**Student:** 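So that we are looking at the same thing, I have put the structure below in structure tokens.
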Amino acid sequence: MLKGSDLIRDPARDVGFPLGAAAVQFGVLVLGGLVYTAIVGGSAERLVTAMMIDAIMVIGIQIYVGNTGVLSFGHIGFGAIAGYAFAVLAIAPQRKGTVIRNAPWGLDEVQLHPALAVGVALVVALIAAAIVGVGLARSGTKSGSVSATVITLALLFVTHEIAINWTDLTGGDRAGLSFSIGATLDSRIPVYLTLFGAIVVARLFAQSRSGRLAKAAREDNLAARAMGVNPQVQQMIALLISVAVVTLAASLRVYEIGNITPKFFFFQYTLLTLVMLIVGGRNGVTGALVGVVVITAGRELTRKLASDGYEVFGVGLDGAPADWIFREGLSDIFLGGAMLGFMVFRPNGLLDDWELDEWFRRRFGAKAEAQPGPLSEIEAPEPLQLEVADVTVQFGGFRALSGASVVADNSEIVGLIGPNGAGKTTLLNVVTGLVQPTEGSVKLGSVDLTNAASHELARNGLVRTFQNLRLFSSLTVRENVEVASRVAAAHRVKRRRPDVDSLIAEAGLWEHRNRRARELDYGNSRRLELARAAAMSPSFLLLDEPTSGMSDAESAEMIEQVRHMAATVGAGVLVIDHDLNFITGISDRIYVLDQGRMIAVGSPDSIQADPLVRAAYLGSGPED
């Protein structure tokens with residue numbers, strides 16, 4: 001069971017500063033809108049209101065796209081579902097009688113208070129989101145996945161076609177649905193409240209356990225699963241929260257305009273909101289708000305430049321030779337150009353994932369942190385055995401493993417060596433659920449984990465590192481370790497869970513704790529990967545060439561690092577490496593693979609003396 005401290009690691013960082021920054025961002029938007037309206041006059045009133053509703057919509061999209069990395073074209077489709085549900089329920093029966101007098105389920109006779117209508121629309125949209133979310137999960141959605149984009153794009157087109165053709169419910173693409181005069185939104189207060197709430201929800205979610213796990217999967221789906229994260233669950237949570245915010249924005253948009261037709265929530269609005277998100281920076285709430293302001297200002301400027309009779313320094317722009325560019329449609333050209341330009345030259349947007357509250361914390365909330373003391377080593381809580389029995393893996397006509405077996409106790413370090421192509425990494429991939437064996441089994445104690453998913457294996461205590469570094473590059477060193485610690489808090493409750501900062505200090509990374517992982521050098525990156533794995537409180541650490549790319553001195557240091565890190569959590573170790581000195585220096589027992597078969601097992605001394613090993617691994621014949 002999760003404790004409060006596991007849900008919120010740092011109340012000031014995860015709650016206090018986000019709330020303060022949200023108030024500042026909200027205040028700037030409101031004050032800026034009031035100032036602009038006072039300068040320009042009443043004509044700006046509707047523009048500012050529309051901008052704030054667009055900001056709510058874009059924040060809603062950012063909650064999903066920014067935290068999961070999955071580009072969605074379908075959120076405006078969810079907006080269409082919510083918008084029509086709201087309109088059908090909130091419009092007076094007298095108005096509906098003229099366009100949808102044959103509405104199904106007697107909806108033409110129903111009228112709810114707008115607030116209640118929004119609530120029902122929210123339920124309808126969330127049901128649709130749950131259904132689509134299951135489809136996304138079944139498609140194996142991950143950051144950059146084409147299948148996810150296609151599914152969300154299909155949703156957009158399906159909702160549009162339904163809106164056009166289900167005329168008994170929607171009024172079709174000619175009449176649509178409209179409120180009576182004076183029955184529409186007559187105050188900005190609901191917009192203000194929703195906007196502030198959306199900013200708060202977006203930032204609190206990003207700082208929450210679920211939000212951080214979603215961002216880990218965004219950065220590296222495979223590494224996240226190896227740390228016990230189930231990306232499908234986090235993506236579903238992000239989708240539902242995102243659609244809830246989109247529902248509020250869509251309802252406000254319909255209520256403020258006073259009517260709805262199929263074109264309100266189709267491709268043009270999708271393009272507008274995505275451009276706003278991309279230009280500002282889709283990975284951050286602050287960037288999303290900046291994008292809304294920049295694109296709103298750009299559209300208004302280009303609209304004015306393209307209008308008849310508009311002059312600059314007394315020169316008209318609607319005559320030759322300027323009329324070829326300053327003409328109707330310039331706003332759409334601006335939108336398309338902005339998206340193309342930023343995708344090519346600045347794909348992370350103006351601010352990337354920069355957040356105002358994080359800047360506030362670094363600027364005003366920084367405090368001296370004492371380096372934690374050393375972690376004590378512990379014995380394994382109870383004897384446990386990892387048994388890999390008779391594993392065969394066949395890829396088409398190629399047999400990568402043939403009856404390979406390994407047994408390891410959680411009180412020892414077991415090495416696995418062999419020449420290139422021997423099947424070492426394939427065996428480790430079988431143990432960690434990335435490759436399904438053709439034959440054989442994987443057991444941890446009495447639990448058969450042969451067909452378990454990689455995140456389930458990690459939660460059961462089999463945690464790995466990778467031959468090629470797989471860190472959450474945009475997250476800090478501390479956040480990388482926190483991801484694993486948060487999963488351990490939920491699924492490794494009976495194990496000792498070392499403090500995050502203590503693990504970071506133990507890995508020699510204390511001075512780098514607030515740096516992004518991508519800023520570390522290679523040696524420190526390796527140490528971070530080991531510390532992150534240890535934060536999962538594993539029963540076994542499974543290490544794939546932890547000294548790859550290291551010098552002899554660094555390899556020697558890594559021997560002590562691995563031994564100590566494993567001992568701080570009471571874990572056994574199964575380690576693969578090409579460095580024979582490292583393997584013999586660290587292992588209690590060694591298995592040797594050659595061409596997919598185990599050819600020897602024994603102590604480091606006996607393995608070095610084995611003629612079959614010398615022939616296969618050291619390049620010496622048995623006669624030598």
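As the structure is a computational prediction, the values presented were derived from the model and not from experiment.
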**Student:** For the CD atom on E511, are there more than 12 heavy atoms of other groups (residues, nucleotides or ligands in this structure) within a distance under 6.0 Å?
**Tutor:**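 It does not: E511 CD has 12 such atoms or fewer within range.
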**Student:** For S548 and Q467, which I'm curious about, is there any donor-acceptor pair between the side chains at under 3.5 Å?
**Tutor:**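 Note: S548 and Q467 side chains miss the donor-acceptor criterion.
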**Student:** Can we call the ring centroids of F17 and F360 under 6.0 Å apart?
**Tutor:**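 No, the ring centres sit 6.0 Å or more apart.
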**Student:** Report yes if the side chains of L434 and R464 come closer than 4.5 Å at any heavy-atom pair, otherwise no.
**Tutor:**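 Contact flag for L434/R464 side chains = yes.
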**Student:** Which one of E358, E479, E482 satisfies the salt bridge (Lys or Arg N to Asp or Glu O under 4.0 Å) criterion with R13?
**Tutor:**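 Of the listed residues E358, E479, E482, the salt bridge (Lys or Arg N to Asp or Glu O under 4.0 Å) partner of R13 is E482.
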**Student:** With T547, which residues qualify under side-chain hydrogen bond (donor to acceptor under 3.5 Å, both in side chains), at least two apart?
**Tutor:**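 Checked T547 against side-chain hydrogen bond (donor to acceptor under 3.5 Å, both in side chains); matches are D577.
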**Student:** Could you tell me whether E369 and R478 make a salt bridge, using a distance below 4.0 angstrom between a side-chain N and a carboxylate O?
**Tutor:**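 Yes.
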**Student:** In terms of heavy-atom contacts, does CG of D552 have more than 12 from other residues, nucleotides or ligands at under 6.0 Å?
**Tutor:**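 No, because the 6.0 Å sphere around CG of D552 holds 12 heavy atoms or fewer from other groups.
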**Student:** In this structure, which one of R361, R209, R203, R486 forms a salt bridge (Lys or Arg N to Asp or Glu O under 4.0 Å) with D14?
**Tutor:**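 The passing option is R486.
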**Student:** Measuring from T465:OG1 to L541:CG, what's the distance to the nearest 0.5 Å?
**Tutor:**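 Spacing of OG1 (T465) from CG (L541) equals 8.0 Å.
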**Student:** With a 4.0 Å cut-off on N to O distance, would you call E456 and R459 a salt bridge?
**Tutor:**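 No, E456 and R459 are not salt-bridged.
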**Student:** Given V275, which partner from the list V292, L335, L340, V58 fulfils the side chain to side chain contact (heavy atoms under 4.5 Å, CB included) test?
**Tutor:**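 Considering V292, L335, L340, V58, a side chain to side chain contact (heavy atoms under 4.5 Å, CB included) with V275 is found only for L335.
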**Student:** Determine yes or no for a side-chain-to-main-chain donor-acceptor pair under 3.5 angstrom, with R563 supplying the side chain and A567 the backbone.
**Tutor:**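 No, R563 side chain to A567 backbone: no donor-acceptor pair under 3.5 Å.
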**Student:** Keeping T152 on the side-chain end and T149 on the backbone end, is there a donor-acceptor pair under 3.5 Å?
**Tutor:**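 Flag set: sc T152 to bb T149 pair under 3.5 Å.
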**Student:** Considering only NZ, NE, NH1 and NH2 on the basic side and carboxylate oxygens on the acidic side, decide whether D220 and R532 come within less than 4.0 Å.
**Tutor:**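 R532 and D220: not salt-bridged.
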**Student:** Got a donor-acceptor contact below 3.5 angstrom from the S587 side chain to the T584 backbone?
**Tutor:**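 No, because the side chain of S587 does not come within donor-acceptor range (under 3.5 Å) of the backbone of T584.
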**Student:** Nearest 0.5 Å, what's the OG1-CG distance between T68 and N221?
**Tutor:**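 It is 10.5 Å, given to the nearest 0.5 Å.
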**Student:** Check whether more than 12 heavy atoms from other residues, nucleotides or ligands sit under 6.0 Å from atom CZ of F364, and answer yes or no.
**Tutor:**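 Atom CZ in F364 is crowded, with more than 12 foreign heavy atoms closer than 6.0 Å.
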**Student:** Applying the side chain to side chain contact (heavy atoms under 4.5 Å, CB included) criterion to L384, which one of L444, D409, V447 satisfies it?
**Tutor:**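 Exactly one option meets the side chain to side chain contact (heavy atoms under 4.5 Å, CB included) with L384, and it is L444.
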**Student:** Please determine if R470 and D544 form a salt bridge, counting it only when a charged side-chain N lies under 4.0 Å from a carboxylate O.
**Tutor:**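 Not counted as a salt bridge, because no side-chain N and carboxylate O are separated by less than 4.0 Å.
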**Student:** Which class fits the ring pair W359 and W354: parallel under 30°, tilted 30 to 60°, perpendicular over 60°?
**Tutor:**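 Rings of W359 and W354: tilted, 30 to 60°.
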**Student:** With no hydrogens and no angle check, do the side chains of R496 and S537 hold a donor and an acceptor under 3.5 Å apart?
**Tutor:**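 Not at all, the side chains of R496 and S537 share no donor-acceptor pair under 3.5 Å.
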**Student:** Using a strict threshold of under 4.0 Å (side-chain N to carboxylate O), is an ion pair present between R513 and D501?
**Tutor:**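 Result for this pair is no, no salt bridge flagged.
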**Student:** May I ask you to test the L469-Y522 pair for a side-chain heavy-atom distance under 4.5 Å?
**Tutor:**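 SC-SC contact between L469 and Y522 confirmed.
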**Student:** Is the shortest side-chain heavy-atom distance between R516 and D353 below 4.5 Å?
**Tutor:**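 Contact flag for R516/D353 side chains = yes.
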**Student:** Between R282 and L274, is there a donor-acceptor pair closer than 3.5 Å when you use the side chain of the first and the backbone of the second?
**Tutor:**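 Side chain of R282 to backbone of L274: no pair is present.
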